[in-house]
Amino acid sequence: MPEGHTIHRLAQDHAERFVGAPVRVSSPQGKFSDSAALLDGHTLTTTDAHGKHLFLGFGDTGWVHIHLGLFGKLGFGTAPPPPPTDTVRLRLVNAAHHADLRGPTTCALITEPEKRAIHERLGPDPLRGDEDGEDGERAWQRISRSRTTVAALLMDQKVIAGVGNVYRAEVLFRHGIDPYRAGKDLTRAEWDAVWADLVELMHEGVRHNRIDTVRPEHLPEAMGRPPRVDDHGGEVYVYRRANLPCHICGSEIRTADLAARNLFWCPRCQDPRPVPGT
DNA sequence: GCGGAATGTAGAT
DNA sequence: TCTACCTTCCGCT
């Protein structure tokens with residue numbers, strides 16, 4: 001169950017294990033069999049990630065485009081691999097490692113132009129190189145003109161690629177921003193701080209392979225609470241903490257449906273304050 | 001065993 | 001705004 005940090009980590013993990021030598025490619029479940037046959041025995045040359053999209057490069061043969069969706073999982077193990085279960089869509093095997101893909105939204109063999117088209121429809125990714133420093137600016141151009149709520153904008157992959165439901169909830173909490181505020185009512189300073197924070201939080205997410213957002217001074221140990229790690233594997237302020245007391249102010253964390261996803265926020269720390277300059 | 005929920009998206013209405 | 005899709009896991013009978 002992935003946000004962008006998971007996908008970038010998977011790109012690295014595949015590169016470390018498989019790049020540079022021939023790979024056995026199969027589709028035990030069958031839905032990727034034709035493409036697997038074309039790829040079998042070819043060498044993985046490179047990997048790439050943009051937002052929640054993972055790309056495995058097989059030179060002139062093309063790219064395997066993977067999107068895990070809500071349920072997809074990629075798991076690694078040693079070689080030789082155990083017999084696959086019947087849900088394995090894609091299996092990669094070399095002398096030392098295997099990787100099994102289950103339940104993805106997308107697993108397809110695509111061409112270089114098709115890959116380019118995917119990049120073109122995605123917004124800037126806090127985890128991709130930002131050579132010109134213009135990525136946060138590109139997102140701001142859309143956000144600052146939109147009447148849509150900032151909560152919805154953060155989940156829109158055309159606006160920012162890679163942020164999911166956990167990072168959305170947590171970054172809005174960390175900056176005291178009411179999720180229902182319109183994009184155009186954010187200040188430039190607020191957005192710059194949110195973008196910089198996403199860059200930092202998500203890089204840390206790649207390193208640790210989990211989402212931790214709680215500042216050191218607010219960790220349970222520092223606050224005199226029993227140490228605790230949330231269900232999804234990291235320490236968070238509001239995600240899936242509905243009706244529990246806010247770590248900072250003690251108010252009950254609230255939850256609501258927004259565009260068919262669960263939203264979480266603290267009604268006191270994320271005060272719907274009047275917007276400066278309007 | 002069943003129902004529901006889950007870090008997501010595309011396509012129809 | 002809805003529905004379909006893909007899988008696993010957990011709580012309830």
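As a basis for the values below, the full set of heavy atoms in this structure was taken, side chains included, without hydrogen atoms, waters or symmetry mates. Each chain gets a letter, A, B and so on, in the order its sequence line appears, and its residues count up from 1.
- Atom CG in A/Asn209 sits about 18 Å away from atom P in B/dT7, given to the nearest Å.
- Residues from residues 256-265 of chain A that place a heavy atom under 4.0 Å from any atom of DNA chain B, listed by number: A/Arg261, A/Asn262.
- Of the side-chain N and O atoms in A/Lys31, one or more sit less than 4.0 angstrom from OP1 or OP2 of C/dC6.
- Residue A/Leu201 contributes atom CG, which lies 15 Å from atom C1' of B/dT7 at whole-angstrom precision.
- Between the CG atom of A/Leu70 and the P atom of C/dT7 there is a distance of 13 Å, given to the nearest Å.
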Handout entry: Chi angles and distances behind the salt bridge (Lys or Arg N to Asp or Glu O under 4.0 Å) call for A/Lys73, A/Asp100
Key = CA-CA 8 Å; A/Lys73 273 204 172 64; A/Asp100 280 349; over 6 Å; no
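- Look at CG on A/Leu172: it is 15 Å from P on B/dT7, rounded to the nearest Å.
- At C/dT7, none of the side-chain N or O atoms of A/Lys73 fall inside 4.0 Å of OP1 or OP2 (strictly under the cut-off).
- Legend: ring pair (Phe, Tyr, Trp, His ring centres under 6.0 Å) pairs involving residues 241-260 of chain A, not counting sequence neighbours: none detected.
- Applying the side chain to side chain donor-acceptor pair (under 3.5 Å) test to every pair with at least one member in residues 252-268 of chain A, sequence neighbours left out, gives no pairs at all.
- Rounded to whole Å, the distance from NZ on A/Lys158 to P on B/dA10 is 8 Å.
- In this structure, A/Leu74 places its CG atom 15 Å from C1' of C/dT8, rounding to the nearest Å.
- A/Trp195 and A/Leu122 fall into different hydrophobic clusters, where Ile, Leu, Val, Met, Phe, Trp and Tyr residues are linked whenever their side-chain heavy atoms come under 4.5 Å apart, directly or through other members.
- Under 4.0 angstrom from either OP1 or OP2 of B/dT7 there lies no side-chain N or O belonging to A/Tyr167.
- Under the 3.5 Å distance criterion, with hydrogens and angles disregarded, a donor-acceptor pair is assigned to the side chains of A/Thr87 and A/Arg102.
- Contact annotation: A/Lys52 side-chain N/O to B/dT9 OP1/OP2 distance is under 4.0 Å.
- Note: CG (A/Asn165) to P (B/dT9) measures 11 Å, nearest angstrom.
- Side-chain nitrogen and oxygen atoms of A/Arg121 include at least one within less than 4.0 Å of the OP1 or OP2 phosphate oxygen of B/dA10.
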Handout entry: salt bridge (Lys or Arg N to Asp or Glu O under 4.0 Å) assessment of A/Arg128 paired with A/Asp48
Key = CA-CA 10 Å; A/Arg128 281 174 80 86; A/Asp48 194 12; 3.1 Å; yes
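- B/dG1 and C/dC6 have their P atoms separated by 23 Å, with the value rounded to a whole Å.
- Regarding contacts with the backbone of C/dC6, every side-chain N or O of A/Arg102 stays at 4.0 angstrom or more from both OP1 and OP2.
- A salt bridge between A/Lys52 and A/Asp125 is absent, with no side-chain N of the basic residue lying under 4.0 Å from a carboxylate O of the acidic one.
- Applying the 4.0 Å criterion to OP1 and OP2 of C/dT8, one finds that A/Thr87 has a side-chain N or O inside that range.
- The gap from the C1' atom of C/dT8 to that of B/dA10 amounts to 23 Å, rounded to the nearest Å.
- In this model, the phosphate group of C/dT7 is approached by a side-chain N or O of A/Gln29 to a distance below 4.0 Å at OP1 or OP2.
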Exercise for the section: Start with the C-alpha distance between A/Glu137 and A/Arg188, add both sets of side-chain angles, then the distance that settles salt bridge (Lys or Arg N to Asp or Glu O under 4.0 Å), and finish with yes or no. Expected result: CA-CA 10 Å; A/Glu137 172 69 25; A/Arg188 180 61 194 258; 2.6 Å; yes
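- Summarising the geometry, the separation between CG on A/Asp100 and C1' on C/dT7 is reported as 14 Å, rounded to the nearest angstrom.
- Applying the 4.0 Å criterion to OP1 and OP2 of B/dG8, one finds that A/His67 has every side-chain N and O outside that range.
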